[in-house]
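Atoms considered below: every heavy atom in the structure, side chains included; atoms not considered: hydrogens, waters and symmetry mates. Lettering follows sequence order; numbering is per chain, from 1.
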There are 2 protein chains.
Amino acid sequence: MNDTPKFRRQAPDARKKDLIDATIRCLEKKGSDGLSVRSISAEAGISVGLINHHYPSKDDLIADAYEKLATDILQNVINIVAETDGSPREKMSAFFKAYFSSIVLDQKFLRIWIVFWYMSDKSEKVRLSHDKTNAGFRRQIELMLRNLGELPEAPDFNYRLAAIGLSGMLDGLWLEWCLNPEIFAPEEGLMLCEGWVDGLMAGAFKL
Amino acid sequence: MNDTPKFRRQAPDARKKDLIDATIRCLEKKGSDGLSVRSISAEAGISVGLINHHYPSKDDLIADAYEKLATDILQNVINIVAETDGSPREKMSAFFKAYFSSIVLDQKFLRIWIVFWYMSDKSEKVRLSHDKTNAGFRRQIELMLRNLGELPEAPDFNYRLAAIGLSGMLDGLWLEWCLNPEIFAPEEGLMLCEGWVDGLMAGAFKL
DNA sequence: TTTCTTATTGAACGATCGTTCAATTGTGAT
DNA sequence: ATCACAATTGAACGATCGTTCAATAAGAAA
């Protein structure tokens with residue numbers, strides 16, 4: 001009679017990938033209102049029950065989505081830096097340019113991040129995803145600063161402390177721009193970070 | 001027979017103050033789990049219905065609590081700076097010292113702030129409280145930078161841009177320290193900010 | 001003491017939440 | 001073509017949410 005199937009079966013791994021993507025899309029579009037299993041399953045085009053078939057709880061899905069999105073964003077930036085041939089200083093500039101583009105500087109990301117942070121307070125799983133991705137970001141910053149610091153013309157400075165300062169400034173500017181993009185332009189944020197690194201290389205800080 | 005009253009009446013203003021305080025205490029203690037009217041009313045020692053008698057909705061109470069807490073914290077810092085006699089540069093240092101003390105740098109505040117940010121996405125009222133208090137913070141930073149810039153030995157720099165850079169660094173370090181206090185010590189954050197201002201006054205940045 | 005105002009209570013309501021599970025059905029293996 | 005497995009469905013459950021509102025009673029005014 002009716003030979004159009006009511007649903008399509010998928011292998012667990014493929015379905016989980018779909019669910020993760022749907023979760024990210026859902027949080028992008030609806031923010032904290034997109035956090036419910038019904039909202040996510042509607043976005044994924046599947047029934048409510050399927051989420052708990054593939055995940056022990058909603059929190060595990062959120063944690064996976066967190067890790068996927070954060071890793072993707074960082075990887076996008078890293079790829080752009082890797083494609084740039086040049087000195088460590090030029091690579092740092094390439095990093096800033098990518099960071100202050102819509103690859104990172106996008107209000108939808110803060111909208112999602114707030115939900116992740118909110119969930120981190122409730123769920124151990126989400127907090128673990130947070131810690132892992134945060135460490136990856138800081139490691140990347142520190143690596144670039146180390147390459148800078150090993151140049152012959154570079155003054156002595158504390159790599160760890162410099163990485164904290166720079167990622168603090170990056171995070172802070174990202175946060176503030178997302179909270180209110182009218183306060184300053186992305187290029188101004190970029191200029192502030194370039195200036196900070198110039199100051200560092202000129203020995204203006206005692207680190 | 002029983003002459004101990006079942007409850008004590010309070011004037012609306014006094015009761016609202018109690019509710020605001022209870023909300024802040026509740027969010028401090030329980031984070032996002034302390035957001036419900038039942039949780040808040042239990043903390044305040046009153047019945048569930050009373051909140052909606054004094055506030056049209058829960059969001060209005062949250063917005064009031066946001067504004068109260070943010071204003072109080074900023075005021076505490078301003079008071080300490082005001083008590084400090086000295087040059088604009090010394091006042092800036094007093095500000096940093098207060099900022100990197102538990103007056104501002106306290107994990108419980110981020111826990112509360114995440115709830116506020118989370119609510120900002122849902123409630124226009126909460127977002128207004130956020131915008132207002134954020135502007136007050138930035139205004140204070142810019143004022144101190146202006147006092148610095150008007151010194152005869154100061155180089156020319158853009159006050160607005162400098163305020164964005166400094167408050168970005170302050171916000172970012174606050175956020176990162178609260179997310180994971182083991183990454184760096186408060187004194188290190190203070191040192192980074194002092195170094196940034198020293199660089200600014202030495203003309204290391206082109207702002 | 002009596003009256004009147006209104007702050008306060010707490011049960012009730014409808015909505016929504018995450019999760020469960022028996023029934024269904026797509027799909028590859030036989 | 002048939003079987004067996006398991007991916008998928010969707011109704012149902014109990015918990016919790018914010019809000020409403022009729023009943024109550026505290027406390028000032030008369």
message: Tell me whether A:Asp21 is salt-bridged to A:Lys17, with the criterion being a basic N under 4.0 Å from an acidic carboxylate O.
response: yes

message: Once rounded to the nearest 0.5 Å, what's the spacing between atom CD1 of A:Ile112 and atom CG of A:Leu27?
response: 5.5 Å

- prompt: Taking only side-chain nitrogens and oxygens of B:His53, does any of them come within less than 4.0 Å of OP1 or OP2 of C:dT8?
  reply: no

- request: Report which part of the nucleic acid A:Ile46 touches: base, sugar-phosphate, or nothing (heavy-atom distance under 4.0 Å, all strands).
  value: sugar-phosphate

- request: Could you list by number each residue of residues 30-37 of chain B showing a heavy-atom separation from DNA chain D of less than 4.0 Å, or answer none if no residue does?
  value: B:Leu35, B:Ser36, B:Val37

List the atom pairs, with distances to 0.1 Å, where a side-chain N or O of residues 94-101 of chain B and a protein N or O form a donor-acceptor pair under 3.5 Å, not counting sequence neighbours.
{"residue": "B:Tyr99", "atom": "OH", "partner": "B:Leu170", "partner atom": "O", "Å": "2.9"}
{"residue": "B:Ser101", "atom": "OG", "partner": "B:Ala98", "partner atom": "O", "Å": "2.7"}
{"residue": "B:Ser101", "atom": "OG", "partner": "B:Ile103", "partner atom": "N", "Å": "3.2"}

task: With the side chain counted from C-beta on, respond yes when A:Glu188 and B:Arg160 share a heavy-atom pair under 4.5 Å apart, and no when they do not.
output: yes

query: Taking atom C1' of D:dT20 as reference, at what distance in whole Å does atom NZ of B:Lys58 sit?
result: 17 Å

query: A:Asn79 and A:Gln75: side-chain hydrogen bond (donor to acceptor under 3.5 Å, both in side chains), yes or no, with the steps?
result: CA-CA 6 Å; A:Asn79 288 344; A:Gln75 197 55 54; 3.1 Å; yes

statement: Whole-Å distance, A:Gln10 CD to D:dT9 C1', equals 15 Å

Which residue lies more 5' along DNA chain C, comparing B:Ala11 with B:Gly49 via nearest heavy atoms: B:Ala11

task: Would you mind reading off the distance between A:Asn52 atom CG and C:dG18 atom C1', rounded to a whole angstrom?
output: 7 Å

- prompt: Looking across every strand, which nucleic acid part, if any, lies under 4.0 Å from A:Arg38 by heavy atom: base, sugar-phosphate, or nothing?
  reply: base

task: Answer yes if the ring centres of B:Trp174 and B:Phe109 are under 6.0 angstrom apart, and no otherwise.
output: no

field: Rounded distance (nearest 0.5 Å) linking atom NZ of B:Lys206 with atom CG of A:Leu192
entry: 10.5 Å

query: What is the per-nucleotide protein-contact pattern of nucleotides 23-30 of chain D, from the 5' end, where B denotes a base atom under 4.0 Å from a protein heavy atom, S denotes such proximity for sugar-phosphate atoms only, and - denotes neither?
result: --BBS---

statement: When rounded to whole Å, the OH to P distance for the pair A:Tyr55 and C:dT20 reads 16 Å

field: Whole angstrom value for the distance that separates C1' of C:dA7 from CD1 of B:Ile51
entry: 14 Å

Rounded distance in Å - CG (A:Leu50) to P (C:dG26): 15 Å

field: Distance in angstrom units between B:Lys122 NZ and C:dA15 C1', rounded
entry: 13 Å

query: For the pair made of NZ in A:Lys125 and P in C:dG18, what is the distance, rounded to whole Å?
result: 15 Å

query: Do B:Tyr118 and B:Phe116 make the cut of ring centroids closer than 6.0 angstrom?
result: no

field: Short side-chain N/O contact from B:His54 to OP1 or OP2 of C:dT8, under 4.0 Å
entry: yes

- prompt: Just checking, any donor-acceptor pair under 3.5 angstrom between side chains of A:Ser93 and A:Arg89?
  reply: yes

